[in-house]
Structure formats: structure tokens, C-alpha cells
Amino acid sequence: MNNKPSIYGLTLEALSGWLTQNGEKKSRAAHIWEALYSARVSDFSQMTAVNAACLELLKERFSLKTMTEFVKQEASDGTVKFLLQLHDGSLIETVLMRKKYGLSVCVTTQVGCNIGCSFCASGLIKKSRDLTAGEIVEQIMTVQHYLDAAGKGEKVTNIVVMGIGEPFDNFEHLINFLDVVKDRKGLAIAAKRITVSTSGIPDKIRAFADLGTQTHLAISLHAPNNELRTQIMKINRAFPLEKLMDAVRYYLETTGRRIMFEYILLSEVNDGLETAAQLADLLDEFKELASINLIPYNPVDEHSQYQRSTPEAINGFYDVLKKRGINATVRMEHGTDIDAACGQLRSKQMKKDQTAVS
């Protein structure tokens, strides 16, 4: 596959500027944009409103398809997990989830992950590179083309940036991606329907607040004290809870927007009643603008030290938070009959490939 950059990486403004720099009329950007995101063409030649010379230029410089479907798993609840192969052979995961409020797509931002969460399948393979904005947008377009092919008139309505990688470690490409998918003349996915999840990089949380993207922010917390969080999440060594919570305060004061904390429940590790009380203490000052999403753990073979919390432990933990006035929910699970944990399908495929070679 060629390694020309994806045309999906250009914002409408950037596309207009590129056309002007290359001797084309700026006005052609609107026709190209409409072809990409409304007509959703699969080949440049299908851009019938764009003149031949401009089309040749686009074909020469850009690609409409920089990734291919390697594996696709479809669950009984309608969840579809795509394992996509990039132009350099790398594999990433993208997931379509059917929810009451619409069709949500979870996108990946990096090939591998360096954050090193001790329970996570995504971190089993170290980061080899960032994805470009075009490669992140193309994940959405891959899912949308899949929906188009089904002929039911369905559209992607929501995006969660919670796939493989740390989005804030790929900040510039993340922001360009958000600009593209939110554009009202394109996919027009409302900012309030997009959530970006981070493991907690304080300076990037502040920068995100300053940009005023209007998208939702979720923070992977998973523990209420430094000792336990460092055990679970390596990043806490660099950015302990004191620094993270300072950044959370800044975000809330700057944006006035709600924030979500994510908390994976690990049996007899972070799911005790005393731990729940510590979590309530930590979040007490934020409870007017914060909520916490309790996530039942999807076991990963390589992390056998962790098991899913029992229903009794989950309910007990939840009850402690609710009694303290913390807005808490237990996440509905999707795709439990396929490789549900983020990064799990990719990890299994890479192990298969290694076994075949050896």
C-alpha cells in the first residue's frame, strides 16, 4: 500500500490553503469536502464536481485509503471490532458500538502505548509511532463506509477517543482530528457527542481546557491514592494525584464543563469499601461537575494477576459513592462475546503472527 498522506488529515481551512498554494481555486475545497464527507466517495475519480486537473493533483499527493481491514469481529449485541492494517503493516483497533443514543465509534490514536497501565492489553506492545490526524479520521470513515454498505442509512453519531494509545501524547494530531470531524460542512459530529479520554497528563489537560473544544473529557483514575495508583498506572510516578487534581481544578474553572473519571474495578485490588470511601474524599470537591464511571474489568491473559470484581463488590463500591453524593454509574458492556478489552484483538493477532514465524 502506498504511503501518501491521508486526505482526511486536512481540515477544510488547510485544504483551502493547500489548493491555493498549488495553483487551484480555493472554492474547490467545498466540492472536495462534500465529496469526502457527504457523498463519501471511495475513489478520487468519483468527485464529479472537481475538474480533471485538480483531481490528478489530489491523486498525486494524497490517498483516500491508507488502511485495510485485517480482521472484523461482530458481536451479538451489534458491536463491531475492526482490526485495521496501516500502510507500514502496523495494526490498530477501531470499535463500533450500538447505544441507545446512537452509533458510537471508539478510535485509536497511537500504534501501541507507553503509558504502561498494568491491567491493559493496549500497553502490551510499546508505542512505535503516533497516528496522523488523517489516520484517526479514516477510522471513522472506515466505519461509516461499513454502515453505508449495509444500506440502512445509519450514521456515526458519537466518538470516543479511548482506543489504543494516549491521545494527549499525540496532541496536535488529536486536535486536527477533532476539527475535521466536528466541521458542520463535513461529518458534523457535535462536540457534545465526542469524549476524549486521557490517563492524566496535567499540562495537556490545561492546554485542552484553553482550546475550548467543547468536547467532553474523561480521565482514567483507577485509584484514589498515590501508592495504589502508581502500582496500577506507571504514569502516576511522573504525574501523581496532586498534580493531576490541580490540572482538573484548572480545567473545571476554565471551561465550566463537566468531567468524567473512569475507574476499572479490579477484584481485591481497588474495589474495597475503604477504597471507595477514599475515592469519595478525593472527588468530594468536584462532585458538582464530576461523575465517575465504574468499569467491570475484562480479563486479559497476560495480566492474570487481575480479575473482575464480583457483582457484590461492584454494588458495594457504587453504594458508598452514591451515599457520599458522588454521581456514579456502572458502565454497560459491549461486545463481550468478542475480544472486548481494548488492544486484546491486536495483541492476539500479533501473537499468532509471531507463532507462525517461529
*Using 4.0 Å as the upper bound for N to carboxylate O, is an ion pair formed by Asp246 and Arg249?*
yes

*Backbone N/O of Tyr8 and side chain of Glu138: donor-acceptor pair under 3.5 Å*: no

_Short side-chain to backbone donor-acceptor contact, Arg40 and Tyr37, under 3.5 Å_ = yes

*Keeping the roles fixed (side chain from Asn22, backbone from Glu24), state whether a donor-acceptor pair exists under 3.5 Å.*
no

_Please determine whether side chain to side chain contact (heavy atoms under 4.5 Å, CB included) holds for the pair Arg129 and Asp88, giving the CA-CA distance in whole Å, both sets of side-chain angles, and the decisive distance to 0.1 Å._
CA-CA 11 Å; Arg129 70 174 177 88; Asp88 59 2; 2.8 Å; yes

*Please answer whether the main-chain N or O of Ile232 pairs with a side-chain N or O of Ser118 as donor and acceptor at a distance below 3.5 Å.*
yes

*asked:* Can a side-chain donor-acceptor contact be found between Ser104 and Asn158 if the only test is distance below 3.5 angstrom?
replied: no

*Where the side chain of Asn236 meets the backbone of Gln231, is there a donor-acceptor pair that is under 3.5 Å apart?*
no

*Do Arg229 side-chain atoms and Leu221 backbone N/O form a donor-acceptor pair below 3.5 Å?*
yes

*Using modelled atom types only, decide if a donor and an acceptor are shared between the side chain of Ser199 and the backbone of Ser220 within a distance under 3.5 Å.*
no

*Please step through side chain to side chain contact (heavy atoms under 4.5 Å, CB included) for the pair Leu187 and Met141, ending with a clear verdict.*
CA-CA 9 Å; Leu187 291 174; Met141 297 310 298; 4.0 Å; yes

_I'd like to know if the side chain of Asn170 reaches the main chain of Pro167, judged simply by a donor and an acceptor atom lying under 3.5 Å from each other, with no hydrogens or angles considered._
no

*Salt-bridged, Lys287 to Asp284, with N to O below 4.0 Å?*
yes

_Between Tyr250 and Ile205 (side chain of the first, backbone of the second, donor and acceptor by atom type, cut-off under 3.5 Å), is there such a pair?_
no

*Taking everything shown except Lys323 itself, do over 12 heavy atoms lie less than 6.0 Å from its NZ?*
no

_Could you check whether atom CD of Gln46 has more than 12 heavy atoms from other residues, nucleotides or ligands sitting under 6.0 Å from it?_
yes

*Salt bridge or not for Glu166 and Lys204, using N-O below 4.0 Å?*
no

*asked:* Test your reading of the model: is there a side-chain donor-acceptor pair from His173 to the backbone of Ala133, 3.5 Å cut-off?
replied: yes

*Give me the ring orientation class for Tyr306 and Phe119: parallel if the planes are under 30° apart, tilted from 30 to 60°, perpendicular past 60°.*
perpendicular

*side chain to side chain contact (heavy atoms under 4.5 Å, CB included) between Met245 and Phe286: does it pass, once the steps are laid out?*
CA-CA 10 Å; Met245 292 303 154; Phe286 306 123; 3.5 Å; yes

*Where does the angle between the aromatic ring planes of Phe208 and Phe171 fall among parallel (under 30°), tilted (30 to 60°) and perpendicular (over 60°)?*
perpendicular

*Given Asp148 and His145, is the side chain to side chain contact (heavy atoms under 4.5 Å, CB included) satisfied, shown in steps?*
CA-CA 5 Å; Asp148 291 343; His145 285 139; 4.1 Å; yes

*Would you indicate whether Glu69, at its atom CD, is surrounded by more than 12 heavy atoms from other residues, nucleotides or ligands within a distance under 6.0 Å?*
yes

_Return the CG to CG distance between Asn225 and Leu282, rounded to the nearest 0.5 Å._
9.0 Å

_Using a strict threshold of under 4.0 Å (side-chain N to carboxylate O), is an ion pair present between Asp43 and Lys65?_
no

